[in-house]
Amino acid sequence: IWMRLAFWWYRPHVFLATSQAATYKLPPTLGFVYDTVFLDFPKLYANAGKLARNTKNLVQSAAHIVTISKSSSKKIQKEYATADTKISVLYPGVDAVFRPDGPKYVSNKPYFLYVGAIKPTKNLVNLIKSFALFLEKSLNAYELVIVGSTKGLDTKLLTLIKELKLTKKVIMSGFVE
């Protein structure tokens with residue numbers, strides 16, 4: 001109700017809906033849908049039903065939708081019967097802090113690098129298993145460096161790393177600023 005009151009009071013020309021929040025067409029809305037994985041893995045999201053409803057309302061009421069991948073665009077088109085002309089794919093930018101002269105991971109071994117959220121929807125279990133298979137056939141001593149917040153880390157991932165005897169080969173660096 002507060003959002004509707006704010007629209008009435010401030011009378012904005014356009015609303016940027018960055019959190020899958022629908023405005024019911026007043027004012028014209030540019031909606032942002034960053035991810036649709038909750039549609040494929042609802043059990044991994046306590047609020048999957050709410051996310052699905054909010055996203056449906058946003059897609060139906062927004063004048064235009066912005067998403068961050070072709071995959072998400074196709075999923076939105078299919079799931080919500082939306083024309084591709086209503087969706088733009090805009091890839092996220094990178095802050096100037098991420099520059100070539102910034103801090104680096106230094107190792108005397110070659111390594112693979114994963115940067116992103118450390119959660120079940122990112123399929124890190126299969127990344128770890130694939131890395132183990134790769135090591136069986138590799139002549140070099142590679143490492144796998146996983147960079148990302150460990151908030152909500154699934155202990156199954158740590159158990160798998162131990163079971164596959166990769167504790168010295170998989171480096172979990174945590175969140176990097």
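Throughout, numbering of the chain's residues begins at 1 and tracks the sequence. The analysis underlying the following values was restricted to heavy atoms, covering all of them including side chains, and did not include hydrogens, waters or symmetry mates.
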Quiz item: Is there a donor-acceptor pair closer than 3.5 Å between any side-chain N or O of His64 and the backbone N or O of Leu30?
Solution: no
Quiz item: If you measure from CD on Glu136 to CZ on Phe131, what distance do you get to the nearest 0.5 Å?
Solution: 11.5 Å
Quiz item: How far apart are the closest heavy atoms of Leu51 and Thr55, and which atoms are they?
Solution: O-OG1, 2.7 Å
Quiz item: Will you find, in the side chains of Asn123 and Asn126, an N or O donor that is under 3.5 Å from an N or O acceptor?
Solution: yes
Quiz item: Looking at Ala141 and Lys109, what are the two nearest heavy atoms and their distance?
Solution: O-CB, 3.4 Å
Self-check item: Whether over 12 other heavy atoms sit under 6.0 Å from Lys74 NZ
Solution: no
Quiz item: If two hydrophobic side chains count as joined below 4.5 Å and joins carry through other members, does Val125 share a cluster with Leu166?
Solution: yes
Practice problem: Report yes if some heavy atom in the side chain of Tyr114 is under 4.5 Å from a heavy atom in the side chain of Met172; otherwise report no. | Solution: no
Quiz prompt | Donor-acceptor contact present, side-chain Ser72 to main-chain Ile68, <3.5 Å | solution = no
Quiz item: Hey, are the side chains of Ile171 and Ile146 touching, using non-hydrogen atoms and a 4.5 Å cut-off?
Solution: no
Self-check item: Least distance between heavy atoms, Ile87 atom then Ser73 atom
Solution: CG2-OG, 3.5 Å
Quiz item: Between the main-chain N or O of Tyr80 and the side-chain N or O of Thr82, is there a donor-acceptor pair closer than 3.5 Å?
Solution: yes
Quiz item: So Glu143 and Ser107, side chain to side chain donor-acceptor pair (under 3.5 Å) or not? Walk me through it.
Solution: CA-CA 9 Å; Glu143 294 176 335; Ser107 175; 3.1 Å; yes
Quiz item: For the residue pair Ile65 and Val59, what are the closest heavy atoms and their distance?
Solution: CD1-CA, 3.9 Å
Practice problem: Check whether any side-chain heavy atom of Lys137 lies under 4.5 Å from a side-chain heavy atom of Leu133, and answer yes or no. | Solution: no
Practice problem: Sort out for me which residue in Leu139, Asn140, Leu144 forms a side chain to side chain contact (heavy atoms under 4.5 Å, CB included) with Tyr142. | Solution: Asn140
Quiz item: Under 4.5 Å between side-chain heavy atoms, hopping through other hydrophobics if needed: is there a path connecting Tyr34 to Leu90?
Solution: yes
Practice problem: Check Ile118 against Gly148 and note the closest heavy-atom contact, atom names and distance. | Solution: CD1-O, 3.4 Å
Practice problem: State plainly whether one hydrophobic cluster holds both Val89 and Phe32, where clusters connect Ile, Leu, Val, Met, Phe, Trp and Tyr through side-chain heavy atoms under 4.5 angstrom apart. | Solution: no
Exercise. Apply the side chain to side chain contact (heavy atoms under 4.5 Å, CB included) test between Ile76 and each candidate in Leu58, Thr67, Leu39; give the one that qualifies.
Key: Thr67
Practice problem: Mind checking the CG-OG1 spacing from Asn57 to Thr29? Nearest 0.5 Å is all I need. | Solution: 11.5 Å
Quiz item: Less than 4.5 Å apart, any side-chain heavy atom of Lys169 and any of Leu135?
Solution: yes
Practice problem: Specify the closest pair of heavy atoms between Ala62 and Gly31, including all atoms of both residues, with the distance to one decimal. | Solution: CB-N, 4.1 Å
Practice problem: Please round to the nearest 0.5 Å and tell me the distance separating atom NZ of Lys119 and atom OG1 of Thr150. | Solution: 14.0 Å
Quiz item: For Tyr10, does the OH atom have more than 12 heavy-atom neighbours from other residues, nucleotides or ligands under 6.0 Å away?
Solution: no
Quiz item: Could you give the distance from OG1 (Thr167) to NZ (Lys162), rounded to the nearest 0.5 Å?
Solution: 8.5 Å
Practice problem: Considering only NZ, NE, NH1 and NH2 on the basic side and carboxylate oxygens on the acidic side, decide whether Asp40 and Lys75 come within less than 4.0 Å. | Solution: yes
Self-check item: Joint hydrophobic cluster, Leu16 plus Val33, side-chain heavy atoms closer than 4.5 Å
Solution: no
Exercise. Check the pair Thr159 / Glu163 against side chain to side chain donor-acceptor pair (under 3.5 Å), numbers first and verdict last.
Key: CA-CA 6 Å; Thr159 302; Glu163 285 174 0; 5.8 Å; no
Quiz item: Out of curiosity, Thr121 OG1 to Phe38 CZ, how far, rounded to the nearest 0.5 Å?
Solution: 12.0 Å
